[in-house]
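Throughout, a chain's letter reflects where its sequence line sits, starting with A, and its residues are numbered from 1. Below, each value reflects all heavy atoms present in this structure, side chains not excepted, and no hydrogens, waters or symmetry copies.
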Amino acid sequence: MPEASQGDVTYGFAPGQRVRVKTGDPPGHIRTPAYLRGKEGVIEDRQGVFRNPEELAFGKTGLPKKPLYLVRFRQHDVWPDYSGPGADTLSADIYEHWLEAI
Amino acid sequence: MAHDHDPPAPVDGGDHPPTEYELLERALRELLIEKGVFTAEDVRRTIDDWDTRTPANGGKVVARAWTDPEYKARLLADSKAAIEELGFDVGPAPQIVVLENTPQRHHVVVCTLCSCYPRTLLGLPPDWYKSKEYRSRVVAEPRAVLKEFGTEVPDDVEIKVVDSTADLRYLVLPARPAGTEGLSEDELAALVTRDCMVGVTNASAPG
(Lines give C-alpha, C1' and ligand atoms only; values in the text may rest on other atoms or scores of the structure.)
Protein backbone atom coordinates (compact mmCIF):
# COMPACT_ATOMS: atom_id res chain seq x y z
CA MET A 1 0.00 0.00 0.00
CA PRO A 2 1.36 3.47 -0.79
CA GLU A 3 2.53 5.64 2.07
CA ALA A 4 -0.05 7.84 3.79
CA SER A 5 1.65 10.83 2.21
CA GLN A 6 3.37 11.01 -1.17
CA GLY A 7 5.34 14.17 -1.75
CA ASP A 8 3.08 17.13 -1.10
CA VAL A 9 -0.05 15.00 -1.32
CA THR A 10 -1.71 13.62 1.79
CA TYR A 11 -4.49 11.06 1.78
CA GLY A 12 -7.66 12.32 3.42
CA PHE A 13 -9.22 8.86 3.81
CA ALA A 14 -8.01 5.59 5.27
CA PRO A 15 -8.89 2.00 4.36
CA GLY A 16 -12.07 0.91 6.12
CA GLN A 17 -13.53 4.41 6.23
CA ARG A 18 -17.09 4.85 4.95
CA VAL A 19 -17.52 7.40 2.18
CA ARG A 20 -20.16 8.73 -0.17
CA VAL A 21 -19.50 9.56 -3.82
CA LYS A 22 -20.42 13.15 -4.52
CA THR A 23 -23.34 13.91 -6.78
CA GLY A 24 -23.36 16.38 -9.62
CA ASP A 25 -22.85 16.16 -13.33
CA PRO A 26 -20.07 18.57 -14.32
CA PRO A 27 -19.06 18.71 -17.99
CA GLY A 28 -15.69 17.39 -19.12
CA HIS A 29 -13.57 14.27 -18.82
CA ILE A 30 -14.96 12.82 -15.57
CA ARG A 31 -13.64 9.44 -14.39
CA THR A 32 -16.36 8.92 -11.77
CA PRO A 33 -19.12 6.83 -13.36
CA ALA A 34 -22.59 8.37 -13.14
CA TYR A 35 -24.09 5.16 -11.70
CA LEU A 36 -21.93 5.48 -8.56
CA ARG A 37 -22.61 9.14 -7.81
CA GLY A 38 -24.42 9.55 -4.50
CA LYS A 39 -23.70 5.91 -3.51
CA GLU A 40 -22.14 4.90 -0.20
CA GLY A 41 -19.17 2.56 0.07
CA VAL A 42 -16.00 1.88 1.99
CA ILE A 43 -12.38 2.72 1.21
CA GLU A 44 -10.77 -0.57 0.22
CA ASP A 45 -7.27 0.62 -0.64
CA ARG A 46 -5.11 3.63 -1.42
CA GLN A 47 -4.11 3.36 -5.07
CA GLY A 48 -1.46 6.08 -5.32
CA VAL A 49 -1.49 9.69 -6.43
CA PHE A 50 -1.96 10.65 -10.05
CA ARG A 51 -2.24 13.75 -12.21
CA ASN A 52 -5.86 14.82 -12.29
CA PRO A 53 -7.33 13.33 -15.51
CA GLU A 54 -10.11 15.93 -15.52
CA GLU A 55 -7.45 18.59 -16.18
CA LEU A 56 -5.03 16.51 -18.25
CA ALA A 57 -7.81 16.00 -20.79
CA PHE A 58 -7.76 19.73 -21.48
CA GLY A 59 -4.01 20.13 -21.91
CA LYS A 60 -3.35 21.29 -18.34
CA THR A 61 -0.67 19.84 -16.06
CA GLY A 62 -3.09 17.94 -13.79
CA LEU A 63 -1.04 19.10 -10.82
CA PRO A 64 -1.12 18.87 -7.87
CA LYS A 65 -1.59 15.13 -8.07
CA LYS A 66 -4.79 13.72 -6.58
CA PRO A 67 -5.10 10.71 -4.27
CA LEU A 68 -6.93 7.79 -5.84
CA TYR A 69 -8.82 5.13 -3.87
CA LEU A 70 -10.32 1.76 -4.62
CA VAL A 71 -13.82 2.10 -3.17
CA ARG A 72 -15.96 -0.98 -2.52
CA PHE A 73 -19.74 -0.92 -2.71
CA ARG A 74 -22.35 -3.53 -1.81
CA GLN A 75 -24.22 -4.32 -5.01
CA HIS A 76 -27.49 -3.91 -3.11
CA ASP A 77 -26.43 -0.34 -2.23
CA VAL A 78 -25.65 0.46 -5.87
CA TRP A 79 -28.73 -1.18 -7.39
CA PRO A 80 -31.77 -1.31 -5.06
CA ASP A 81 -33.28 -4.12 -7.17
CA TYR A 82 -30.05 -6.18 -7.41
CA SER A 83 -31.09 -9.79 -7.73
CA GLY A 84 -27.88 -11.56 -6.58
CA PRO A 85 -26.64 -12.54 -3.10
CA GLY A 86 -26.07 -9.85 -0.47
CA ALA A 87 -22.32 -10.53 -0.41
CA ASP A 88 -21.79 -9.44 -4.04
CA THR A 89 -19.71 -6.28 -4.38
CA LEU A 90 -18.45 -3.78 -6.91
CA SER A 91 -15.23 -1.78 -6.63
CA ALA A 92 -14.08 1.22 -8.63
CA ASP A 93 -11.20 3.69 -8.54
CA ILE A 94 -12.45 7.09 -7.38
CA TYR A 95 -10.45 10.29 -6.92
CA GLU A 96 -10.49 11.94 -3.50
CA HIS A 97 -12.18 15.12 -4.69
CA TRP A 98 -15.20 12.98 -5.64
CA LEU A 99 -15.54 11.49 -2.12
CA GLU A 100 -17.00 12.80 1.13
CA ALA A 101 -16.87 11.26 4.60
CA ILE A 102 -20.14 9.94 6.01
CA MET B 1 5.86 -28.94 -52.47
CA ALA B 2 2.65 -27.26 -53.53
CA HIS B 3 2.80 -23.56 -54.08
CA ASP B 4 -0.07 -22.18 -52.02
CA HIS B 5 -1.57 -18.76 -51.89
CA ASP B 6 -3.72 -17.40 -49.10
CA PRO B 7 -7.33 -17.45 -50.26
CA PRO B 8 -8.44 -14.15 -51.73
CA ALA B 9 -9.78 -11.89 -48.99
CA PRO B 10 -11.47 -8.54 -49.29
CA VAL B 11 -9.19 -5.68 -48.37
CA ASP B 12 -10.58 -3.96 -45.31
CA GLY B 13 -11.19 -0.25 -45.65
CA GLY B 14 -11.92 1.65 -48.79
CA ASP B 15 -15.18 -0.20 -49.23
CA HIS B 16 -17.08 2.36 -47.19
CA PRO B 17 -16.78 6.11 -46.89
CA PRO B 18 -14.46 7.03 -44.00
CA THR B 19 -16.21 7.92 -40.77
CA GLU B 20 -15.75 11.27 -39.08
CA TYR B 21 -13.33 9.72 -36.55
CA GLU B 22 -11.29 8.02 -39.28
CA LEU B 23 -10.93 11.36 -41.09
CA LEU B 24 -10.00 13.10 -37.84
CA GLU B 25 -7.37 10.44 -37.06
CA ARG B 26 -5.89 10.66 -40.55
CA ALA B 27 -5.74 14.47 -40.52
CA LEU B 28 -4.15 14.55 -37.08
CA ARG B 29 -1.63 11.84 -37.95
CA GLU B 30 -0.58 13.56 -41.18
CA LEU B 31 -0.17 16.90 -39.42
CA LEU B 32 1.95 15.39 -36.64
CA ILE B 33 4.16 13.61 -39.18
CA GLU B 34 4.52 16.85 -41.19
CA LYS B 35 5.50 18.73 -38.04
CA GLY B 36 8.10 16.09 -37.23
CA VAL B 37 6.50 15.00 -33.92
CA PHE B 38 6.81 11.39 -35.08
CA THR B 39 7.38 9.54 -38.34
CA ALA B 40 5.22 7.17 -40.34
CA GLU B 41 7.70 4.46 -39.35
CA ASP B 42 7.00 5.21 -35.67
CA VAL B 43 3.28 4.68 -36.29
CA ARG B 44 3.88 1.43 -38.14
CA ARG B 45 6.22 0.13 -35.43
CA THR B 46 3.74 0.99 -32.67
CA ILE B 47 0.90 -0.83 -34.44
CA ASP B 48 3.21 -3.79 -35.02
CA ASP B 49 4.13 -3.78 -31.33
CA TRP B 50 0.50 -3.82 -30.23
CA ASP B 51 -0.31 -6.63 -32.61
CA THR B 52 2.41 -8.81 -31.06
CA ARG B 53 0.97 -8.44 -27.56
CA THR B 54 -1.41 -11.32 -26.97
CA PRO B 55 -3.12 -13.02 -24.02
CA ALA B 56 -0.28 -15.58 -24.11
CA ASN B 57 1.77 -13.01 -22.18
CA GLY B 58 -0.80 -12.91 -19.39
CA GLY B 59 -0.99 -16.71 -19.53
CA LYS B 60 2.71 -16.98 -18.71
CA VAL B 61 2.26 -14.75 -15.67
CA VAL B 62 -0.70 -16.81 -14.44
CA ALA B 63 1.04 -20.16 -14.98
CA ARG B 64 4.08 -18.96 -13.03
CA ALA B 65 1.80 -17.86 -10.18
CA TRP B 66 0.11 -21.28 -10.20
CA THR B 67 3.41 -23.14 -9.94
CA ASP B 68 5.47 -20.84 -7.71
CA PRO B 69 3.78 -19.69 -4.46
CA GLU B 70 6.50 -17.15 -3.76
CA TYR B 71 6.07 -15.64 -7.21
CA LYS B 72 2.30 -15.48 -6.63
CA ALA B 73 2.84 -13.62 -3.36
CA ARG B 74 5.09 -11.10 -5.14
CA LEU B 75 2.58 -10.78 -7.98
CA LEU B 76 -0.28 -9.94 -5.62
CA ALA B 77 1.85 -7.53 -3.54
CA ASP B 78 3.52 -5.63 -6.41
CA SER B 79 2.08 -6.76 -9.72
CA LYS B 80 4.18 -4.49 -11.93
CA ALA B 81 7.52 -5.65 -10.50
CA ALA B 82 6.52 -9.32 -10.64
CA ILE B 83 5.34 -9.03 -14.25
CA GLU B 84 8.57 -7.30 -15.25
CA GLU B 85 10.50 -10.18 -13.63
CA LEU B 86 9.23 -12.35 -16.49
CA GLY B 87 10.59 -9.91 -19.04
CA PHE B 88 7.36 -8.14 -19.97
CA ASP B 89 7.53 -4.40 -20.46
CA VAL B 90 4.47 -2.89 -18.81
CA GLY B 91 5.63 0.68 -19.33
CA PRO B 92 5.54 3.51 -16.81
CA ALA B 93 1.73 3.70 -16.66
CA PRO B 94 -0.93 2.65 -16.15
CA GLN B 95 -0.20 0.33 -13.28
CA ILE B 96 -1.44 -3.25 -13.34
CA VAL B 97 -3.11 -4.86 -10.33
CA VAL B 98 -3.71 -8.61 -10.18
CA LEU B 99 -6.94 -9.86 -8.56
CA GLU B 100 -6.88 -13.43 -7.24
CA ASN B 101 -9.95 -15.60 -7.65
CA THR B 102 -10.48 -17.82 -4.60
CA PRO B 103 -13.12 -20.36 -3.51
CA GLN B 104 -14.85 -17.42 -1.77
CA ARG B 105 -14.54 -14.70 -4.42
CA HIS B 106 -14.78 -14.41 -8.21
CA HIS B 107 -13.57 -11.21 -9.89
CA VAL B 108 -14.78 -9.81 -13.18
CA VAL B 109 -13.31 -6.69 -14.80
CA VAL B 110 -15.00 -3.98 -16.85
CA CYS B 111 -14.41 -0.39 -17.87
CA THR B 112 -17.80 1.28 -17.88
CA LEU B 113 -16.41 4.61 -19.07
CA CYS B 114 -14.47 3.43 -22.12
CA SER B 115 -12.29 0.38 -22.79
CA CYS B 116 -9.47 0.41 -20.21
CA TYR B 117 -7.84 -3.03 -20.32
CA PRO B 118 -4.45 -4.50 -19.32
CA ARG B 119 -3.27 -4.18 -22.94
CA THR B 120 0.41 -4.67 -22.21
CA LEU B 121 -0.35 -8.21 -21.04
CA LEU B 122 -3.47 -9.13 -23.03
CA GLY B 123 -3.15 -7.13 -26.24
CA LEU B 124 -6.13 -5.25 -27.62
CA PRO B 125 -9.51 -5.89 -25.99
CA PRO B 126 -12.16 -7.95 -27.79
CA ASP B 127 -15.17 -6.18 -29.28
CA TRP B 128 -17.56 -7.53 -26.64
CA TYR B 129 -15.44 -5.95 -23.88
CA LYS B 130 -15.92 -2.55 -25.54
CA SER B 131 -19.62 -3.05 -26.24
CA LYS B 132 -22.18 -0.89 -24.48
CA GLU B 133 -24.11 -4.02 -23.58
CA TYR B 134 -21.25 -5.66 -21.64
CA ARG B 135 -20.19 -2.40 -20.01
CA SER B 136 -23.66 -1.48 -18.82
CA ARG B 137 -24.90 -4.93 -17.84
CA VAL B 138 -21.94 -6.59 -16.11
CA VAL B 139 -21.94 -4.02 -13.32
CA ALA B 140 -25.66 -4.38 -12.67
CA GLU B 141 -26.32 -8.10 -13.30
CA PRO B 142 -22.93 -9.83 -13.33
CA ARG B 143 -24.39 -13.27 -12.64
CA ALA B 144 -26.70 -13.11 -15.65
CA VAL B 145 -23.87 -11.88 -17.90
CA LEU B 146 -21.46 -14.58 -16.70
CA LYS B 147 -24.14 -17.20 -17.30
CA GLU B 148 -24.29 -16.03 -20.93
CA PHE B 149 -20.53 -16.70 -21.10
CA GLY B 150 -21.29 -20.20 -19.78
CA THR B 151 -20.01 -19.42 -16.29
CA GLU B 152 -22.10 -20.38 -13.27
CA VAL B 153 -20.85 -18.83 -10.04
CA PRO B 154 -22.43 -20.50 -6.96
CA ASP B 155 -24.46 -18.19 -4.71
CA ASP B 156 -22.05 -18.74 -1.81
CA VAL B 157 -19.20 -17.27 -3.88
CA GLU B 158 -19.02 -13.47 -3.84
CA ILE B 159 -18.89 -11.85 -7.26
CA LYS B 160 -16.71 -8.77 -7.15
CA VAL B 161 -17.00 -6.55 -10.22
CA VAL B 162 -14.03 -4.21 -10.64
CA ASP B 163 -14.68 -1.13 -12.77
CA SER B 164 -11.33 0.24 -13.98
CA THR B 165 -12.34 3.86 -13.99
CA ALA B 166 -9.00 5.60 -13.61
CA ASP B 167 -5.25 4.95 -13.67
CA LEU B 168 -5.03 1.24 -12.83
CA ARG B 169 -5.60 -1.83 -15.00
CA TYR B 170 -6.84 -5.10 -13.58
CA LEU B 171 -5.91 -8.67 -14.49
CA VAL B 172 -7.74 -11.62 -12.94
CA LEU B 173 -5.64 -14.50 -11.63
CA PRO B 174 -8.02 -17.42 -12.21
CA ALA B 175 -8.07 -20.48 -9.97
CA ARG B 176 -5.87 -23.35 -11.14
CA PRO B 177 -8.20 -26.04 -12.48
CA ALA B 178 -8.40 -29.36 -10.65
CA GLY B 179 -6.68 -32.29 -12.36
CA THR B 180 -3.73 -30.24 -13.67
CA GLU B 181 -1.20 -31.35 -11.07
CA GLY B 182 0.98 -33.18 -13.60
CA LEU B 183 1.18 -30.37 -16.17
CA SER B 184 4.28 -28.32 -16.86
CA GLU B 185 4.30 -24.54 -16.58
CA ASP B 186 4.08 -24.22 -20.39
CA GLU B 187 1.17 -26.66 -20.55
CA LEU B 188 -0.59 -24.71 -17.81
CA ALA B 189 -0.01 -21.41 -19.62
CA ALA B 190 -1.84 -22.83 -22.63
CA LEU B 191 -4.97 -23.29 -20.46
CA VAL B 192 -5.09 -19.62 -19.53
CA THR B 193 -7.41 -17.83 -21.92
CA ARG B 194 -8.05 -14.15 -22.41
CA ASP B 195 -11.60 -14.52 -21.08
CA CYS B 196 -10.55 -16.09 -17.77
CA MET B 197 -8.10 -13.24 -17.18
CA VAL B 198 -11.00 -10.78 -17.61
CA GLY B 199 -13.05 -12.98 -15.28
CA VAL B 200 -15.97 -13.89 -17.55
CA THR B 201 -14.93 -17.55 -17.41
CA ASN B 202 -12.83 -19.88 -15.28
CA ALA B 203 -9.72 -21.69 -16.48
CA SER B 204 -10.48 -25.31 -17.40
CA ALA B 205 -8.43 -28.50 -17.45
CA PRO B 206 -7.68 -29.83 -20.95
CA GLY B 207 -10.14 -32.20 -22.63
Side-chain angles (χ1 to χ4, degrees), chain A residues 1-3 6 9 21 25 28-37 39 41-42 44-57 62 65-99, chain B residues 76-81 92-118 132 134-147 151-170 172 199:
Chain A
M1 184 187 300
E3 297 296 320
Q6 289 199 349
V9 184
V21 182
D25 192 16
H29 183 72
I30 304 300
R31 302 307 300 177
T32 302
Y35 74 94
L36 290 175
R37 295 181 201 163
K39 305 297 182 184
V42 62
E44 185 172 346
D45 212 343
R46 290 167 168 163
Q47 302 290 62
V49 297
F50 299 90
R51 290 169 183 254
N52 185 354
E54 295 168 15
E55 297 195 348
L56 282 177
K65 291 184 177 181
K66 299 280 188 181
L68 181 68
Y69 301 89
L70 186 63
V71 183
R72 182 174 65 239
F73 303 85
R74 291 176 62 250
Q75 282 282 27
H76 284 272
D77 289 340
V78 180
W79 315 102
D81 57 351
Y82 185 73
S83 60
D88 284 359
T89 58
L90 182 144
S91 294
D93 288 321
I94 310 281
Y95 278 96
E96 182 164 293
H97 59 279
W98 271 94
L99 298 173
Chain B
L76 296 174
D78 184 349
S79 302
K80 181 177 193 281
Q95 297 174 23
I96 293 187
V97 172
V98 173
L99 307 164
E100 184 189 14
N101 279 353
T102 67
Q104 292 80 36
R105 181 178 291 157
H106 181 99
H107 295 89
V108 58
V109 178
V110 63
C111 173
T112 57
L113 296 173
C114 44
S115 57
C116 297
Y117 188 74
K132 279 185 182 151
Y134 177 75
R135 288 155 52 209
S136 59
R137 288 184 59 219
V138 78
V139 287
E141 43 172 4
R143 287 174 186 273
V145 172
L146 291 192
K147 208 170 277 182
T151 307
E152 294 266 1
V153 178
D155 275 357
D156 61 349
V157 176
E158 170 195 342
I159 288 194
K160 177 170 174 170
V161 180
V162 179
D163 188 354
S164 46
T165 44
D167 290 75
L168 286 82
R169 300 292 174 268
Y170 294 94
V172 175

Got a donor-acceptor contact below 3.5 angstrom from the B:Thr165 side chain to the A:Asp93 backbone?
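Flag set: sc B:Thr165 to bb A:Asp93 pair under 3.5 Å.
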Heavy-atom distance under 4.5 Å to chain B: side chain of A:Phe73, backbone, both or neither?
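No part of it gets close to chain B.
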Who among B:Ser164, B:Pro142, B:Cys114 has the most heavy-atom pairs with chain A under 4.5 Å?
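Maximum pair count with chain A is reached by B:Pro142.
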For chain A, the option from B:Thr112, B:Val139, B:Asp155 that forms the most heavy-atom pairs under 4.5 Å
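Most heavy-atom pairs within the cutoff with chain A belong to B:Val139.
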Value rounded to 0.5 Å, distance of [atom1] in [X] from [atom2] in [Y]:
X	Y	atom1	atom2	answer
B:Lys160	A:Leu90	NZ	CG	9.5 Å
A:Asp88	B:Glu141	CG	CD	12.5 Å
A:Leu36	B:Asp163	CG	CG	7.0 Å

Are B:Glu158 and A:Thr89 close enough that a side-chain donor and a side-chain acceptor fall under 3.5 Å?
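B:Glu158 vs A:Thr89: donor-acceptor pair found between side chains.
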Which bit of B:Leu113 comes within less than 4.5 Å of chain A, counting heavy atoms only: side chain, backbone, both or neither?
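The side chain, not the backbone.
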Pick one of side chain, backbone, both or neither for B:Val110, based on which atoms fall under 4.5 Å of a heavy atom in chain A.
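When you check distances to chain A, no heavy atom of B:Val110 falls under 4.5 Å.
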Given side chain to side chain contact (heavy atoms under 4.5 Å, CB included), test B:Asp167 with A:Arg31 step by step and report yes or no.
CA-CA 10 Å; B:Asp167 290 75; A:Arg31 302 307 300 177; over 6 Å; no
Could you check which of A:Pro33, A:Gly84, A:Pro53 has the highest count of heavy-atom pairs closer than 4.5 Å to chain B?
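Among A:Pro33, A:Gly84, A:Pro53, the one with the most close pairs to chain B is A:Pro33.
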Would you name the heavy atoms of [X] and [Y] that are closest together and state the gap between them?
X	Y	result
A:Gln47	B:Gln95	O-OE1, 4.3 Å
A:Leu68	B:Leu168	CD2-CD1, 3.5 Å
B:Ala140	A:Trp79	CA-NE1, 3.5 Å
A:Pro85	B:Arg143	CD-NE, 3.1 Å

